Amino acid sequence: MKIKPVKGRPMLHWVGKRPIDTISNYPAQLIDSYNVENPEQEPTYDKFKDGPNLLFHGDNKEILSTLLVQGFRGKIDLIYIDPPFASGADYVRKVALRGQRKVLEAEGHSVTEQTQYTDIWANDTYLQFMYERLILIQELLSDKGSIYVHCDWHVNAYIRLVLDEVFGNFRDEIIWFYPNSGLKAKSKKFHQVHDVLFHFTKSNDFIWNEQREPFDDGEVKRQPMRKYNSATKKADVVRDRDGKILYVEVVDKLVNSVWRIPMLNIGGEILGYPTQKPEALIKRIIKASSNEDSIVLDCFVGSGTTAAVAEKLGRRWIAADINKGAIQTTIKRLQKLPNMQRGVVHYRVNNYDASTHLERRDIVIKKYGVQTDRQAAFFDGRLDGTLVKIIDLTKPLTPLDIQTIKDELENRPDESRNITVFCYGINSNIQAELEQENRRRAVNKIFVRDIGSEGITTFEPASAEVNFEREGDSVTVTIADYISPTILARMDIDRTIFDEQIDDFRAQIDCVLIDTDYTGEHFNIVESDVPKKKEDFVDGEYTVSLPRPDARVAVKIIDMLGEETIVTE
């Protein structure tokens, strides 16, 4: 799919600056759903407009590309993003095991994820990162749409210029003043008590709903009658004993560009998530720049504030984050909301849970657009005039795999097409030998594409032992053991001495979810065990009712790093 060239005059230059002119499709993998029956395998706009809200896990550049491919171009009325500020600060969430003092210092599941979450950047890299995503966002924004970009003093001057280039329609510079930030002694520097939000629009005709707020203490509320416009202001009219109007006392005022909104207070909304923003801040943005039928998007969703507020205000929403802890925090936050109107479907984009060859094969076919042929006995399909062979994607390509293809071609003397081979990992010697052979061949050249090096990523799931015992119309589910290779690696614990280091395996587990009618296509949360306190363990044993005798039960275990493991009956 093509991307329109950026129309604005280049305002800023950096090493490696390049616009996006085409986008790649990254298939979305359905993971689970909440309060949704029969969710769609692919999150297309036609299905979304009358369906559930969407939550994506993955790199938002790839997620935004997927949304464009799936028909969301020009459909989003409001986009709010709170991206990394390039502050040099380490925002890695410190995750403690339940009931333990051991702390996991890292949160990321890949180099990319870790880099973005720790917010440590070179200027050129950061600007290119933002430039690419803002170009994709501009394509998704509706003609009446707005974008609000949240930043602070580290990058606000740069971001303003990039926004001017990509969007061009500057509306507001908003100062978020947080009066309860505390006083921190700093040498030769005024205490920083505000962030900046830039408001840009797609066009000059955009959604705008006037916002009003109460007067602050000490502000003048009285106004002469001649200055009072009853059509736009609420006021109490004060009269003398004869009924003559003396003055009006205005009840509220128009919101200006300085927003005095406190930071999160302990015991209120706070979730213990780095960079979490208050709901009052997001509520004002959503109410001002969207309508009840609007779609709201946040592709740096973090703790899920935008999704939660959009849900409360009755907006449709799409949220995304590369950090798995952010996704799980958002899901748990949404589950606690009363009366969810549309439910949530959770997808993963290019961070696939694909442990079998067939799962990875399906991803390759969708991503690259391979035209499959069910009648073919050896080759898997066609792509750009070549025959396609998808090697077993659970292991690296071997010389025997190449020889098998050559043997097949020997039996097809009239075949003149070249061959595209998809694999997951390749030895450099094999690649060099093929390049030499291709120089000598006029036909039947073999070109190898390593999906791992081309950006498709998968991960090794944790393992769990779960027992199921049926009795009548119910089943008792018991979690007997759980081991996360990621947690063991982070804590530098050898698996053979795990029991010596961790007294209770449940210390690794953040929450447990149960689907009492699992189809294998997605996970529908029916029962959940989310401990209220960090030191509490999950119960580990659950008795749940079955919708029918032949229903299949599945358990999803989410550990303290956000890894998900599904065990079925």
Side-chain angles (χ1 to χ4, degrees), residues 29-34 95-100 102 104 324 327-328 331-332 335 346 348 353-356 358-359 394 458-491 493-569:
Q29 183 182 35
L30 176 62
I31 302 302
D32 52 33
S33 64
Y34 183 68
V95 182
L97 299 187
R98 292 193 180 277
Q100 304 282 323
K102 297 180 182 294
L104 308 180
K324 203 164 192 177
I327 297 300
Q328 296 306 333
I331 289 175
K332 288 190 289 184
Q335 285 180 321
H346 169 209
R348 186 182 288 126
D353 181 3
S355 56
T356 70
L358 291 178
E359 289 172 330
T394 61
T458 61
F459 63 89
E460 178 187 0
S463 60
E465 180 183 344
V466 181
N467 300 321
F468 301 85
E469 185 176 346
R470 288 183 176 245
E471 184 175 350
D473 59 355
S474 66
V475 61
T476 298
V477 179
T478 304
I479 302 174
D481 197 9
Y482 179 87
I483 293 182
S484 164
T486 306
I487 288 180
L488 296 185
R490 297 280 168 79
M491 301 182 68
I493 297 178
D494 187 275
R495 186 171 298 202
T496 59
I497 62 171
F498 173 80
D499 292 335
E500 299 176 15
Q501 298 289 320
I502 306 295
D503 296 332
D504 192 321
F505 69 85
R506 293 178 298 167
Q508 306 167 84
I509 300 174
D510 186 33
C511 63
V512 176
L513 311 175
I514 299 176
D515 184 347
T516 56
D517 192 10
Y518 185 61
T519 63
E521 296 181 354
H522 78 287
F523 198 94
N524 184 39
I525 302 168
V526 176
E527 300 283 343
S528 62
D529 179 5
V530 183
K532 294 182 179 180
K533 298 180 180 179
K534 293 181 180 179
E535 61 269 22
D536 292 342
F537 290 150
V538 295
D539 290 337
E541 182 174 314
Y542 316 92
T543 299
V544 294
S545 300
L546 298 171
R548 59 180 189 282
D550 62 342
R552 184 186 183 194
V553 180
V555 176
K556 176 180 287 190
I557 301 172
I558 301 174
D559 68 27
M560 300 306 293
L561 286 180
E563 279 193 63
E564 302 172 355
T565 302
I566 295 179
V567 180
T568 59
E569 189 177 11

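As the structure is a computational prediction, the values presented were derived from the model and not from experiment.
- Residues A462 and S484 share a closest heavy-atom pair of CB-CA, 3.7 Å.
- Note that the CD1 atom of I483 and the CG atom of D559 stand 12.0 Å from one another [nearest 0.5 Å].
- Contact detail for L513 and F523: the closest heavy-atom pair is O-CZ, 3.5 Å.
- Listed for the R506 side chain is a donor-acceptor partner under 3.5 Å among the backbone atoms of V538.
- Every side-chain contact (heavy atoms from CB on, under 4.5 Å) that V466 has, sequence neighbours left out, goes to A464, F468, V477, I479, V555, I557, V567.
- For D515, the side chain to side chain donor-acceptor pair (under 3.5 Å) criterion is met by no residue, not counting sequence neighbours.
- For D517, the salt bridge (Lys or Arg N to Asp or Glu O under 4.0 Å) partners at least two apart in sequence or on another chain are R548.
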Yes or no on side-chain contact (heavy atoms from CB on, under 4.5 Å) for H346 and I525, after CA distance, side-chain angles and deciding distance? CA-CA 11 Å; H346 169 209; I525 302 168; over 6 Å; no
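- For Y518, there are no side chain to side chain donor-acceptor pair (under 3.5 Å) partners two or more places apart in sequence or in a different chain.
- Nearest heavy-atom pair across Y542 and G540 is OH-N, 3.0 Å.
- Atoms CD and CG, from E471 and L546 in turn, are 11.5 Å apart once rounded to the nearest 0.5 Å.
- Interatomic distance, CG of D504 versus CZ of F537, reported as 4.5 Å (0.5 Å rounding).
- Atom-to-atom distance recorded for T516:OG1 and N524:CG is 8.0 Å, nearest 0.5 angstrom.
- The salt bridge (Lys or Arg N to Asp or Glu O under 4.0 Å) test applied to D510 returns R98, K332, not counting sequence neighbours.
- Side-chain atoms of E527 and D529, non-hydrogen and from C-beta on, never get closer than 4.5 Å to each other.
- With rounding to the nearest 0.5 angstrom, the SG atom of C511 is 8.5 Å from the CD1 atom of I331.
- Residues forming a side-chain contact (heavy atoms from CB on, under 4.5 Å) with S474 (at least two apart in sequence, or on another chain): T543.
- Residues passing the side chain to side chain donor-acceptor pair (under 3.5 Å) test with T568, sequence neighbours excluded: R552.
- Not counting sequence neighbours, the partners of E569 by the salt bridge (Lys or Arg N to Asp or Glu O under 4.0 Å) test are R470.
- Within a 6.0 Å radius of CD in E535, other residues, nucleotides and ligands contribute more than 12 heavy atoms.
- Of the possible polar contacts, none joining the Q328 side chain to the I558 backbone as a donor-acceptor pair under 3.5 Å is found.
- Heavy atoms only, all atoms of each residue included: F505 and A480 are closest at CE2-O, 3.2 Å.
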